[in-house]
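Both counts, for ligands and for their atoms, begin at 1 and track the order of listing. Numbering of residues begins at 1 and proceeds along the displayed sequence.
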Amino acid sequence: MRKNLAFFLAIAVFTANKCFSQDISRVRAYLDTLCSPSMHGRGANFDGAKTAADFIKSEFQKSGLKPIRDDYFQHFQYDVNCFEGRISLQTDKKKLVTGKDYIANCISRGGHGNVRALFLDTMVFYNENALKSFLSKKTKNKAVIYDVKFYNKLIEKPEILDKIHEGKCIIELHDKKLTASLSQKQFSNSFFQVAKSSFPDGTKKVRFKLDAILKKNYSSQNVIGIVEGSGKSDSVIIISAHYDHLGTMGKKVYFPGANDNASGVSMLLELAKYYSQKENRPKFTIVFMAFGAEEIGLIGSRYFTENPLFPLKKIKFMINLDLLGTGDDGMTVVNATLHPEEYNKLLEINETLKLLPAIKRRGPAANSDHFFFSEKGVPAFFFYTLGGISAYHDVMDRPETLPLTRFKEVFSLITTFVKKI
Ligand SMILES: [Zn+2]
């Protein structure tokens with residue numbers, strides 16, 4: 001039995017790799033397109049996500065995928081705070097570099113000013129006089145600056161936090177890298193996250209400019225295409241990846257999102273192409289879903305689970321792909337503990353075909369688009385690769401530095417796994 005399985009797997013992977021290995025340049029081309037300036041970081045900013053959705057739709061069409069109803073798009077709306085206009089930050093005479101030295105916090109309001117700097121004295125947490133002195137200061141027309149490592153202490157002291165929030169501008173200093181995110185709300189201040197090493201000690205004045213717009217009911221879409229299976233069962237397999245990312249910081253600087261998640265979308269497109277070839281026709285129908293608005297809180301995938309285009313009960317298994325551009329240290333399977341039988345299948349395939357250095361097991365987590373499906377009882381795995389680069393939610397997540405270390409191996413793992421589900 002074991003020998004037969006090994007033989008079967010070896011044939012399967014040979015076929016998959018043969019088809020695939022000629023086309024790593026195509027994967028690179030997908031990445032370059034999805035991460036290009038014309039996609040503006042695939043957010044609501046400059047409708048970059050819509051451009052990405054149109055690209056995915058046209059690739060689905062080229063591969064011969066069918067729309068699930070009349071259209072490949074499932075539309076939905078959400079609110080999002082966007083920075084599409086002016087952005088600048090200057091300390092005394094030093095002009096900081098957007099994206100590298102600083103980013104606007106996702107909840108930031110627009111504003112501008114040339115204001116005095118007020119550093120939060122950390123003695124406020126330990127000394128009553130220091131606290132009194134800080135609370136007696138006027139912060140209204142100032143830039144208030146604090147170190148993020150004191151944030152946990154700050155939230156325990158609402159009176160200090162309130163005083164900071166009266167500031168015209170808030171500057172949070174970070175030792176570690178600057179990590180961006182998205183918000184559905186807008187705060188009352190202009191708010192920047194700044195690399196501590198880029199912010200001179202003893203800064204006297206801060207000059208800033210920021211245009212922020214809270215887009216209400218911004219229209220987005222999931223892109224859905226299917227490859228019909230050869231079997232009689234009406235159960236389907238879902239392969240999904242979110243195509244959106246964090247958009248822009250002003251007009252020019254954008255978050256390319258190569259690993260997160262142009263890598264997963266490229267895998268999705270490769271799998272769609274593979275399964276639409278006659279010789280690779282799957283037994284079960286495969287529904288390919290490219291979700292929008294993941295980065296702001298899994299909105300696109302949640303919308304699908306609340307407005308499904310077919311009964312969720314029909315889903316035999318879901319494989320969600322997010323962050324597949326590395327693999328030096330293997331990959332992780334979220335929900336492995338919920339589905340031990342399927343997880344063991346992955347281990348067996350990996351052992352036989354020697355694909356990845358490790359396939360790590362993880363329990364449920366609300367960290368990507370499988371989550372709301374899992375919550376509704378759909379059996380689902382989420383795969384992400386490990387090791388390689390540390391770029392994440394920053395301007396360094398670029399296609400030219402994405403190693404794709406185990407991309408082919410993950411492709412083989414998925415195609416072999418789908419055969420065995
Ligand atoms: Zn992601």
Undergrad: Which pairs, with at least one residue in residues 371-383 and sequence neighbours excluded, count as a side chain to side chain donor-acceptor pair (under 3.5 Å)?
TA: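 The answer is N335-S374.
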
Undergrad: Listed by chain and number, what are the salt bridge (Lys or Arg N to Asp or Glu O under 4.0 Å) partners of K163, not counting sequence neighbours?
TA: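 If we apply the salt bridge (Lys or Arg N to Asp or Glu O under 4.0 Å) test to K163, skipping adjacent residues, the hits are E166.
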
Undergrad: Before we go on, tell me: are the rings of Y78 and Y303 under 6.0 Å apart, centre to centre?
TA: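 No.
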
Undergrad: Counting neighbours of NZ on K283 that are heavy atoms of other residues, nucleotides or ligands and sit closer than 6.0 Å, is the number greater than 12?
TA: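 Counting other residues, nucleotides and ligands, NZ of K283 stays at 12 neighbours or fewer.
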
Undergrad: So, do F83 and Y254 have ring centers that fall under 6.0 Å from each other?
TA: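 Between Y254 and F83, which both carry aromatic rings, the centre distance is not below 6.0 Å.
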
Undergrad: Give the total of protein N/O/S atoms at a distance below 2.8 Å from the Zn ion (ligand 1).
TA: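 That number is 4, waters not included.
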
Undergrad: What side chain to side chain donor-acceptor pair (under 3.5 Å) pairs are there with at least one residue in residues 61-73, not counting sequence neighbours?
TA: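 Those involving residues 61-73 are E59-K62.
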
